[in-house]
2 protein chains.
Amino acid sequence: MLPNKPTIKDVAERAGCGIATVSRVLNNSGPASVASRVRVLAAAEELGFKFNEFGRSLKSQRSKTIGVLVPTLSNPVFADAVQGIQQAAAVHGYDVILTCADYDQMTEQKALATLLAKQVDGVVLTVSSPENSKVLQVLNDNNIPHCLIFNQPTDSGISAVGVDNVEAARIVGQKLFEFGHLNAAFVAVQFAKSDRSADRYKGFAEIYAKHNLNQPTLLEVDYAPGDLELALIDLFEKSPSTTALFASNDMLALACIRALRSLGKSVPEDISVVGFDGIAVADLVHPKLATIATPCHDMGSKAAQLLVKALQKNEKPPAGVISLPFEFRCGESLSIAAKKNSDGQAATRPSDLSATQMQPNK
Amino acid sequence: MLPNKPTIKDVAERAGCGIATVSRVLNNSGPASVASRVRVLAAAEELGFKFNEFGRSLKSQRSKTIGVLVPTLSNPVFADAVQGIQQAAAVHGYDVILTCADYDQMTEQKALATLLAKQVDGVVLTVSSPENSKVLQVLNDNNIPHCLIFNQPTDSGISAVGVDNVEAARIVGQKLFEFGHLNAAFVAVQFAKSDRSADRYKGFAEIYAKHNLNQPTLLEVDYAPGDLELALIDLFEKSPSTTALFASNDMLALACIRALRSLGKSVPEDISVVGFDGIAVADLVHPKLATIATPCHDMGSKAAQLLVKALQKNEKPPAGVISLPFEFRCGESLSIAAKKNSDGQAATRPSDLSATQMQPNK
DNA sequence: CCACCCTGTGGAAACGTTTCCACTTTAGCC
DNA sequence: GGCTAAAGTGGAAACGTTTCCACAGGGTGG
C-alpha cells in the first residue's frame, strides 16, 4: 500500500549511482559531477526522500536537539523564554525538547536524565539554586554544553543570560525611596528556593541601608489560599508604617493587590505595589502594575543562540553572565507615599484602619 | 581522559558474555540465567552504562518522542496545555518536542516538517482551522497518529480533546440574558483564523436568537494599540444599548476592561464583560473576571495519554471529539444590566457618556 | 537410552547514515 | 603522447542497538 519510506539507497538506485554520491549531493559535502547532481536531486524529489535522522544521529552522535529545563510554564516569564529558545533554535535547525521541574530538585534531576538519554546536544535551563546544583554538576560531568537563564550564578565559570536582579531591585528601591516610601516590605514565595528572589531582596535592601532606613521587611508566603492575607495583616500589625510592597514577581504582585483590597486597603492610595518581570497582563490590569520589565523572550533566544553557536563550533558557550537590559515601568500601582502618623494610619484618610482590617470586604 | 561512553559491547565484554545477552537482560526482553543476569547488571552499573537512544531508535524506528504544535506559549492557555502534555508524556517515558506556529499556516507547515524530520511517534496539536488544514493532511498522508486539542473538528474521523465551545458560549449567553443583558457584543481577535472563536460566537448568538433578541454584534479587532478602543467607540455609537461584552478569550477580556475604562465606562457598572478560558490571572484582577474556566492542563494531559496509549498499541488514537467539563465562573466583571434609555445612557448614572468618551482618563 | 524440547547463549544481520579509501576517469602539462 | 594531479565515484566500514537464528547442554517422557 503505502510504499515504505525511501532511504538513501532507494535514491541511489533510482539515480543510478552509489549511496555515497547521494549523500554527498544531498549534503553538499563533497565533489559530484553536474550530471549526477541533477540525477540525484531528481530522484530524491520523485521519491519524496527525507533523511532519517536516526541514522544520521547515530553516525554523527549529534541530535540537533537542545534540551530545555524550566521550573514551570505557568509563569508567563518562562513560557516567553521557552518560546524565545524555540524560535532561535529553529532558525539554526535545532529542535527543542521541553521538561519542567516544578521548582523541585528531585524532579530537576529526573528531567535532566531524560534529556541526557535523548542525547540532547546542549541544554538551556533555569535551576532553583545554581550554587550547589546537582543538575549543573551532572551537566559538567557529562560535558554537556549548557546555558543558564534567569539564574545569575556567582560561579563565573558558567554561561548564563539574565538580568542583573540586584541592580534592578536597587532601582525599585530607589524609586520607592524617591516616592517617599520610607518603610517597605519585600514579598516572596519560597524565598529559600530562588536565587533570584534573594538577589532582588539584596539590591532592594541595599538602597534602604544606604539611606539609613529600616531594612525592608521580608515577607515569605506560600500559595495556600488566604496565606497572603494573613501575612499582610501580620505585617501591618508589626510595621504599621509600611507604605509599599515589592513583590518578587508580577503574579505575586497582582495577588498582593487583590489581598490588600480584601483588607480594605487600596492601591496605590494606601499602599504602593511594585512587581518584577513585566508580564503582558501587568499592563492590562487596573491599576497598571509598576514593575521591572525584563526581556524574557530575548533571554531565551539569546541563550539559545549562544548555545547553538557554541555547538556548531563544537565547544561550550562562553563562560560568564550576560546581563540583558531591563526597564523600570512605572505603573499606576505606584504613587507618592501617603503621609502616615505613627500608628500607621494614612493622615489624609483618617478612617480607622484597624477596623477595616477586621472587616474585609467581599 | 574521560572514558568514551560505554556501549553495550563494553558491558558484554566486562560481563564476559555476548551483547545479545546484555540486551536481553537490560531490557528484560528474553531469557537469561540468574548468573549472567547479575554479572551484566553489575557490569552495567560499574561502567555507568546508558543506552544510546540513537541506536535504539534506528533499530526500532521509534523515537519515544511526541511532537507538540501550538500557536504560541504567550497565551497561558497553551502554556498550561503544553505542560499537561509534557507531564503525561513523561510518565510514560515519552519526551516532547515543542514547536510554535504563531497562528500562521506557513509556519505551521514548516514546524510540522521539522517534527516529522525528527521522527516523532505522534503529534498533539492545535491548528488555526481544522477543516482544510494542510497540516492535518500531511499527518494523515504520513500516517502519523495525532490528537487535536482546543480545536473541535467537524470531521469526526479525527481524534480531539477539547471543550464544547458552542455549549460553553450558550451558557455565557444564557447567563448574560438572565442578568438582563439584552444587547451584547462578541469581541474576537482574528475571528477568521480561529474555529474556536467561530464556535463561541455561534453558541452565543444561538441564545440571543432563541430569545428573539438582536444578534450579538461581532467585533473583530486586532492587536494594534488603540484598535480596541476605536472599535468600542464605534460599537457604542452604532449600538448604544449594548450592556455586555463577551470576549473570545481572557486576555482580550482584560484588554476590553482596560479599554472600556479609558473610554470612561466602568465594569461592571456600565458594561459587563465575560471572558473565556479561565486563566490564572483572571482571578487576581479587579474586577475578577467572569469567564468559562476550561481545563487546559487536563486537555493537554488527556490528549497525551490518548496518544501514548495508542502508540504503545501501535495504532491511532480513537477517532472522535472528547469534550472535557468546563465551568462558568461568575466574576465581578459581570452584573445585572444597567437600565439604559434609548440613547444608551445608563439610567442610574446619568452622566454624559459622549463627553466621557471624548475625554478618556489616563 | 534415545529423541525431544526447553533454556540459555552468542554470532551476525539489519536499521540508515556518513565518510574513509581506493579506484576510475578526465584534464592539464611538458 | 605519455605523465601526473585532480575530480568523480562506489564499496565498505562504522555508529549502537535489537532480534533472528543456530547451537549447546540438560532435563524429561516414552
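Below, chains carry the letters A, B, ... as their sequence lines are ordered, and counting in each starts from 1. It should be emphasised that the depicted structure is a prediction, and the values quoted were computed from it without experimental measurement. No hydrogens, no waters, no symmetry mates; every other heavy atom, side chains included, goes into these values.
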Legend entry - Toward the 5' end of DNA chain C, by each residue's nearest nucleotide, B/Ala35 or A/Phe49: B/Ala35
Given atom [atom1] of [X] and atom [atom2] of [N], what is their separation to the nearest angstrom?
X	N	atom1	atom2	value
B/Arg39	C/dG8	CZ	C1'	12 Å
A/Ile8	D/dA13	CD1	C1'	15 Å
B/Ile19	C/dA14	CD1	P	15 Å
A/Lys64	C/dT18	NZ	C1'	15 Å
B/Lys59	C/dG16	NZ	C1'	12 Å
A/Leu58	C/dG16	CG	P	12 Å
A/Gln61	D/dT17	CD	P	9 Å
A/Asn28	C/dT17	CG	C1'	17 Å

Inset, instruction - Describe the nucleic acid contact of A/Gly18 in one word from base, sugar-phosphate, nothing, applying a heavy-atom distance below 4.0 Å. - result: sugar-phosphate
Inset, instruction - Describe the nucleic acid contact of A/Glu53 in one word from base, sugar-phosphate, nothing, applying a heavy-atom distance below 4.0 Å. - result: nothing
Inset, instruction - Count the heavy atoms of every other residue, nucleotide or ligand shown that sit under 6.0 Å from CD of A/Glu13, and state whether that count exceeds 12. - result: no
Examine [N]: is either OP1 or OP2 under 4.0 Å from a nitrogen or oxygen in the side chain of [X]? Give yes or no.
X	N	answer
B/Ser36	C/dT9	yes
B/Asn27	D/dT18	yes
B/Ser33	C/dT9	yes
A/Ser23	C/dT18	yes

Selected nucleotide, minimal atom distance to [X] side chain, candidates [options]:
X	options	value
B/Phe51	D/dC15, D/dT19, D/dT17	D/dT17
B/Cys17	C/dC15, C/dG10, D/dT18	C/dG10
A/Ala20	D/dG10, D/dT17, C/dT17	D/dG10
A/Pro31	D/dT17, D/dT9, C/dG16	D/dT9

Inset, instruction - May I ask you to verify whether the side chain of B/Arg24 and the base of C/dG10 hold a donor-acceptor pair under 3.5 Å? - result: yes
Legend entry - Short side-chain donor-acceptor distance under 3.5 Å, A/Thr72 and B/Gln83: yes
Inset, instruction - Using atom types as modelled and distance alone, determine if a side-chain donor or acceptor of B/Ser23 lies under 3.5 Å from a backbone N or O of B/Thr21. - result: no
Inset, instruction - Give a yes or no answer on whether the side chain of A/Asp10 reaches the backbone of A/Thr7 with a donor-acceptor pair at less than 3.5 Å. - result: yes
Inset, instruction - Could you tell me whether B/Glu46 and B/Arg14 make a salt bridge, using a distance below 4.0 angstrom between a side-chain N and a carboxylate O? - result: yes
